[in-house]
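These notes concern the structure reproduced below.
We name chains A, B, ... by the order of the sequence lines, and we start the count at 1 in each one.
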Amino acid sequence: MTRTLTLATWNINSVRLRLPLVEHLIAGWAPDVICLQETKCPDANFPSSSLTKLGYEHIAMNGQKGYHGVAILSRIPFSETGARNFCGKQDSRHIGVKLDLAGTSLAETGLFVHNLYVPAGGDEPDPVANEKFAHKLAFLAELEAWLGLGSGADAAVIVGDLNIAPLPDDVWSHKKLLDVVSHTPIETETFEKIRRDGAWLDVMRDFVPVPEKLYTWWSYRAADWSAADKGRRLDHVWASPGLKPKFTSMEILREARGWDRPSDHVPVIVKLEV
DNA sequence: ATGGTGGGCGCCCCA
């Protein structure tokens with residue numbers, strides 16, 4: 001007996017302002033687990049009761065006032081595995097849970113879900129001139145040490161806004177973005193090294209190989225985001241290699257960029273048979 | 001063409 005597990009990740013850019021969009025996602029796609037980034041909401045003000053009413057009885061959050069913030073909404077019970085602080089800062093950029101999947105093929109291990117919001121890194125891709133970029137690189141170094149060599153061997157998924165578009169076909173113009181933070185060689189090479197050394201599967205690219213373009217983010221600053229289509233794949237789903245045969249679908253909800261008062265990121269939804 | 005828009009918060013930070 002297998003069950004379908006639907007998992008979504010979305011940088012929502014204010015969970016309070018866009019609660020109706022989260023509800024729309026729930027109504028249309030019914031994810032079992034929703035990982036949100038940039039909730040911009042202290043835990044005490046999180047709209048938990050609205051979400052609990054919709055079946056998300058298990059909520060893990062790591063919020064702060066004004067900036068960052070991550071949360072995991074789940075219809076499946078879990079145990080929290082912690083909120084990690086990176087770079088000695090109190091930034092709310094990670095929350096982890098272990099889903100209880102009793103009665104499935106993952107009953108023994110559970111499924112670890114790590115929800116991450118990697119620093120954007122500012123405008124100037126120079127760690128000396130721009131401390132935000134230095135912070136991003138330091139965050140990646142810590143991420144590499146934490147995920148560790150071969151750590152993808154467990155039953156785990158890493159999702160979130162990783163703020164790097166690693167492949168040439170993850171951006172609208174590889175050449176034009178080589179000096180743009182999110183697609184510089186130091187970022188893209190480090191990103192792929194972390195993923196490969198940890199033996200993580202790039203689930204999105206497993207479903208849609210290069211050279212097909214994949215984007216999850218379109219800037220607010222374009223007059224017509226869809227016509228210009230200057231997107232980037234900043235949001236990711238990584239998985240332990242052993243989970244590879246369990247994934248049955250991956251969808252980037254491009255239409256969500258056209259919803260009323262949208263986030264600049266759209267949800268990525270994957271399904272697993274576990 | 002070196003802008004543009006959109007959050008939270010409070011007179012400016014961040015994306």
B/dG7 OP1/OP2 closer than 4.0 Å to side-chain N/O of A/R261: yes
Please state the C1' separation for the pair B/dG4 and B/dA15 - nearest whole angstrom. 14 Å
Rounded to the nearest Å, what distance is computed from the CG atom of residue A/D123 to the P atom of nucleotide B/dC13? 14 Å
Which whole-number value in Å describes the distance from A/D260 CG to B/dG7 C1'? 15 Å
Does B/dC14 have its OP1 or OP2 closer than 4.0 Å to a side-chain nitrogen or oxygen of A/K40? no
P atoms of B/dG10 and B/dC14, separation to the nearest Å: 14 Å
Please check if the side chain of A/D43 supplies one atom and the backbone of A/G63 the other of a donor-acceptor pair under 3.5 Å. yes
From CG of A/D264 across to P of B/dA15 the rounded distance in Å is 12 Å
Which residue, A/P42 or A/N11, contacts DNA chain B at a nucleotide closer to its 5' end, judged by nearest heavy atom? A/P42
Quick one: A/N163 CG to B/dC14 P, roughly how many Å, whole number? 14 Å
Charged N-O contact under 4.0 Å between A/E273 and A/R3: no
Given DNA chain B, 5'-ward residue of the pair A/Y220 and A/K132, judged by closest heavy atom: A/Y220
How close or far is atom P of B/dG7 from atom OH of A/Y117, stated in whole angstroms? 14 Å
For the backbone of A/G110 and the side chain of A/K98, can you confirm whether one donor and one acceptor N or O come within less than 3.5 Å of each other? no
Could you give the distance separating B/dC9 and B/dC13 at their P atoms, to the nearest angstrom? 16 Å
Whole-Å distance between B/dT2 C1' and A/K230 NZ? 13 Å
Among the nucleotides B/dC14, B/dT5, B/dC9, whichever has the atom closest to the side chain of A/Y67 is B/dC14
Picking from B/dG8, B/dG6, B/dA15, the nucleotide nearest the side-chain atoms of A/R18 would be B/dG6
Taking only the side-chain heavy atoms of A/R16 (C-beta and beyond), determine which of B/dC9, B/dG6, B/dG4 contains the nearest atom. B/dC9
For A/K230, is the NZ atom crowded, meaning more than 12 foreign heavy atoms sit under 6.0 Å from it? no
From NZ of A/K176 across to C1' of B/dT2 the rounded distance in Å is 15 Å
Taking only side-chain N and O atoms of A/K65, does any of them lie within less than 4.0 angstrom of OP1 or OP2 on B/dC9? no
Rounded to whole Å, the CH2-P distance (A/W225 to B/dG4) equals 22 Å
So A/H94 and A/H114, would you call those rings parallel, tilted or perpendicular, with 30° and 60° as cut-offs? parallel
